[in-house]
Structures are given as C-alpha cells and as structure tokens.
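Only heavy atoms go into these numbers, but all of them, side chains included; no hydrogens, no water, no symmetry mates.
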Amino acid sequence: MRISQHKTLLAAMFVFAAGFASASSAQFNPRCDGCMNTYDYCMSQPDAEQWLCVHQYNVCADRAGCLLMPEI
C-alpha cells in the first residue's frame, strides 16, 4: 500500500513540475510581456471591447511565439 502512495505522490510532483516549467518559461519572454502590456492598455480604454483587445493580443503573441488567449 505504501509503495503505491509514493508512486502517486511522485507522479503528482512530476506533473506539477512540468506545468510549472512550461508556465515559467512563457513568463520570462519579454516579447510576451509587451503583448500583455498592449492588451492591458487596450482594456484600460473607456470604450474597450474585450474581443478586440484579445484579438490584438493574439496577433502580437502569435508573432512572438507566446500562448494565445481564447477569442470568444
């Protein structure tokens, strides 16, 4: 019984570490930060439309190789 608990814990730690590594590598790309700043600026406008800001972000992020936001 104890061996299966250790295997489960080890598998959970591996999944967490893999997810953390992929998320942290995306955060350190300065081009992705620039795209997020574009999105934040767009959303801060008084007449902002989220779908348009997301589209602008996705165009920038696609060129930079960043994760894309879902367009609704």
### Over 12 non-hydrogen atoms of neighbours within 6.0 angstrom of CD in Gln50
no
### Query
For the atom pair SG (Cys35) and CG (Leu68), what is the distance rounded to the nearest 0.5 Å?
9.5 Å
## Note on the structure
Distance col, row Trp51:CH2 vs His55:NE2, nearest 0.5 angstrom, shows 8.0 Å
### Query
Under 2.5 Å between the SG atoms of Cys66 and Cys60?
no
### Task
Without swapping roles, check the side chain of Asn58 against the backbone of Met69 for a donor-acceptor pair under 3.5 Å.
yes
### Query
If we only count heavy atoms from C-beta on, is the Tyr39 to Cys42 side-chain gap below 4.5 Å?
no
### Query
CG/Leu52 to OH/Tyr57 distance, rounded to the nearest 0.5 angstrom?
15.5 Å
### Summary
Distance col, row Gln56:CD vs Met43:CE, nearest 0.5 angstrom, shows 11.0 Å
